Structures are given as structure tokens and as C-alpha cells.
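Small disclaimer: the values here were computed from a predicted structure and weren't measured. Lettering follows sequence order; numbering is per chain, from 1.
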Protein chains: 2
Amino acid sequence: MAQSDTVDRILDAAEELFADRGFSETSLRMITSKAKVNLAAVNYHFGSKNALIHAVFARFLTPFSATLENAFNDLEERCDGHPPTLNQTLWALTESAVRMPQRNENGISIFMRLLGLAYTQSQGHLRKFLEQEYSQPFSRFMRLLKEATPQLSAVDRYWRIQFMLGATAFTMSSSDALRDILQNKLGVETTVQEIAARLVPFLAAGMQAQDTVLMPSLSEAPVA
Amino acid sequence: MAQSDTVDRILDAAEELFADRGFSETSLRMITSKAKVNLAAVNYHFGSKNALIHAVFARFLTPFSATLENAFNDLEERCDGHPPTLNQTLWALTESAVRMPQRNENGISIFMRLLGLAYTQSQGHLRKFLEQEYSQPFSRFMRLLKEATPQLSAVDRYWRIQFMLGATAFTMSSSDALRDILQNKLGVETTVQEIAARLVPFLAAGMQAQDTVLMPSLSEAPVA
DNA sequence: GGGTGTCTCAAACGTATGTTTCAAACAGAC
DNA sequence: GTCTGTTTGAAACATACGTTTGAGACACCC
């Protein structure tokens, strides 16, 4: 077995278990027994549980951020001069995610769920790791969003980006939806591609909604 | 101290700590020491940590679901006959949440964050508890959504509701956003009311977006 | 074939967790 | 005041966790 497929077995098992149950709720003993590997192997190969979490993310994110850079390059070149539209930007991101080579048929949904958890579970170390390692493609995406929605105020744009992230990460990370996808419970169509095809128009419409209005009746209501 | 403000002190501390750090990451010892209460008090008054979690939710959700029922009653009465619009339905929900009497000035944001966590952290027992206890107002909200968007296919509607839930729960559960709200980092305006005022138009626009389209270029792309 | 570095394994370590125990303190009723 | 049921307190319990250890297995190079 050459120099150790132990590492990959651990990463595979960890990825799946983390996506299923979250980080704190997944113990090293679960991971190593699912991976059919000795408990000490994790600390030997990765150093710590936190470092294992980082490795799980890096294995997907590093090639993904390269793919994404290329997609953005292509897009900006095609547009030569004027900034890409919101739809173009969102599609560039979506296609990059969807077309990534995957280890198995559920690769994306698992990873989307992990990304959602990363944002949601307040694991400080993970946050820090992701910000350090992948700030570049993230900032670039933000810049494209900004140029594609010049009509929005900075505050509006900030919150609407939060909403987009939320709809995306949450949908992909909802264990119910994940289970539906995996088991095809919904019947008709449940590939990640098709969810994305529904999500992008939703996001674009929300992002370009008419200006924020005051709450209709709350103005004259007791605000506690 | 009559028959025990210990219970309330525990609930207050638990609510805040859970919102800050999640459920698994918050130990009973953190809670009891923040509440200045003996460790055994939790198990004495609530029975178990899980039961404490349920109690934290019930303290807010029970009055809230009553308020919500009233809001829906008012709304349907006002509309007498034809179904309420999407905007009316969303505002009814939002106002009910925002106008709930609160224990302190951050009551809503804390509780929104808890709701997000409930959806996101796969705590089976919590899911089961919430479904059992509060299925009625939830189903009613779903029915109203359905009647307000008759133009959508069932599948489209299903996914768009997922997206709405996602944008909402995720935004409310993002610890960064919460911190922004609490510390007013963004400057201008960051109350939950104002976030809601930005969120509802986003959701309504997304919900009513033009029909889902195929991915522009993925059709001729290798789908891996 | 002896030596070297890499990897695996079973066992143990220290610590933190949720929960339990049981005696002491307290309240209100008689 | 004494009794009774309820609530607190300090300590211990059993268990699970992440991590470390040290001996053994294995492959490779000289």
C-alpha cells in the first residue's frame, strides 16, 4: 500500500461523518472505525482533530478555488471591459462547483453541507483557516458581485449577500434535503445540478429586488 | 426566592450560551456557573441537558406560536374569502416574531440564532421535539404559502421554500451577523427589525422569480 | 542481512463531560 | 418547635473524549 492510503481513508470517512453529524458531534473513534484504521493514525498523519478538519476542507477547496479563478478569468475576458452581469457571475460560480471532479456521486452535496456547517458552527479555528487560505477567490467574487449590482447601497448589498449565502449553504447543508437527494425521495429530479438551476434564479431575483421598504404596519406599532 | 428563580436563571444563561456557541459546545458547567447555580440544579429541575434545551425553546416558542395563530387569524379574516398574498403572509410571520415581548433587547436575535441552530445542528431529539410540539402553526404557514403562490409547481415551491428558510435561518444563525447586530459594527442600522425589513423583500422577490430555466451552458457541458 | 525511517497497533493518559448521590439547608403547616 | 416536602450543595460517578506512548511490523537502501 505504498505510502499510505490510510490518509485518504481517514479523509473519506471524516468528510462523510462531519457532513452527517457536525464536527463536535463526530469523534475520532467514529472516524477511525468507519475508516477501518487505528485510532492513533489521525494524530500521526494530521496532528490533531482540528488539523484533520482543515485537511478535509483543503482537499476540496484548493482545486475548487483554482477552477473558480479560471472561470472568473474566462468570464472577465469574454466581457472584455464592462463588468459581468449578476447572472453570469452566479453561473460561473455554480458551474465551477458543479463541474468539479468528484470522488463519488454525492461529492458536492456533502461538501456543500460542510461549507454550511463551517459557516454555522462557531468553530473559530475553521473560520480562521478558511479566511487565511481562501480569501483571494472570495474577495474576487465579492468584487464581481459589487460591480454587478451598482444600484444597491453597500448596506443593502451586504445583507443580500448574507441572504444568498444563507439560501445556498443552508439548502445544500440541510440534512433533510441532503437525505432527499441521496435517497431520491422527491421523485422527479434531485441532482445538485437541478437544485442549482432552481437556486440561481431565486438568488438573482432576490438580489435585484426593488429597494428595501419599511415594514408596512410596524411603524405605527409598539416596538417593545 | 419563593419556589425557585433558579429555573429562570438557568434558562437565561442557557439561552445565551447556546446561541453563542451551539448546543454540544456548551457544557452544563458553563451554564450553571454563568447562572451562579449549583451544577446539580439542571438535572434536578429539568432532568437532563436535552430536556433543558427543549425548555429553552418552549419558553419562547409556545407564546410565539399563539401569537402567530392570532396573526394568521386576523389576516385571513381581513382577506375574507380570497387567500392572503405572499407579502402579507411573510409580514404576518415577521411581525409576530418581532413584536413578541422580550426578556431583553437582544431577545429576538438570540432566539433567531437558536432557531437557525436547531435547523442546522443535527440534534435529532430537538428536531423531533419541535416537530411534535409546533407542527400546527408550521403546517398552517405552509398552506398559506401554497395558496399565495398558485403559479408555482409543487416542486418549484418546495425548493423555493427551502431557499427562504435557508436565507432566514442562516442569516439569523450566523454568529458574525449576530455580533454585528449586538455590537453595531456596521454603523448605520442593525436591529433585527431592520434586517427583517431587508429580508422580506428579498424572499418575496426570489419566491416570485420567473420560471426556473435550464442552466445556460451546462447543457452542452460534460456533466462528469 | 543489518540498519533506518515510516507506519500501525493496543494500551494507557489526562481531562471534560452528563449524571447521581446523599447530607445539609430551607420553607411552610400543624 | 417539630415535622415534611422541596431545594441546594459539594463530591463523586461512570463514560467519552483527544492525545500520547512505546513496542512491533514493514519496506527500502547500502
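Atom pair B/R21:CZ and C/dT17:C1' shows a separation of 13 Å (rounding to whole Å applied). Rounded to whole Å, atom P of D/dG18 lies 12 Å from atom NE2 of A/H125. Protein atom CZ of B/R29 is 6 Å distant from nucleotide atom P of C/dT17, rounded to whole Å. In this entry the distance linking NZ of B/K49 with C1' of D/dT15 reads 15 Å, nearest Å. Rounded to a whole Å, the CD1 atom of B/I10 is 11 Å from the P atom of D/dG9. C/dC22 atom C1' lies 15 Å from atom CG of B/N43, rounded to whole Å. Rounded to whole Å, atom P of D/dG18 lies 14 Å from atom CZ of A/F23. The nearest whole Å value for the distance from the CG atom in A/L28 to the P atom in C/dA12 is 20 Å.
Side chains of A/Q162 and B/T171: a donor-acceptor N/O pair is absent below 3.5 angstrom, by distance only.
The side chain of B/T6 contributes an N or O atom lying less than 4.0 Å from OP1 or OP2 of D/dT8. Regarding contacts with the backbone of D/dC17, a side-chain N or O of A/S27 is found under 4.0 angstrom from either OP1 or OP2. Side-chain N/O atoms of B/H45 include none lying less than 4.0 angstrom from OP1 or OP2 on D/dT6.
Across all strands shown, B/T26 has heavy atoms under 4.0 Å from sugar-phosphate atoms exclusively, and none from any base. Counting any heavy atom pair closer than 4.0 Å across all strands shown, B/A41 reaches no nucleic acid atom.
Ring geometry for A/F111 versus A/F60: interplanar angle under 30°, hence parallel rather than tilted (30 to 60°). Ring planes of B/F23 and B/F57: tilted class, angle from 30 to 60°.
Checking C/dT19, C/dC7, D/dG18 against the side-chain heavy atoms of A/Y44 singles out C/dC7 as nearest. Considering only the side chain of A/L39, D/dT19 comes nearest among D/dT21, D/dT19, C/dT8. Proximity note for B/M30 (side chain, C-beta onward) versus C/dT17, D/dT20, C/dT20: the nearest is C/dT17. The side chain of A/N38 lies closest to C/dC9, out of C/dG18, C/dC9, D/dT19. Closest contact between the side chain of A/A40 and the listed nucleotides D/dT8, C/dC7, C/dA10 involves C/dA10.
With B/D12 as the partner, the salt bridge (charged side-chain N to carboxylate O under 4.0 Å, His left out) test is satisfied by one option alone out of B/K36, B/R59, B/K34: B/R59.
With A/Y158 as the aromatic partner, B/R198 does not meet the cation-pi criteria of under 6.0 angstrom to the ring centre and within 45 degrees of the ring axis.
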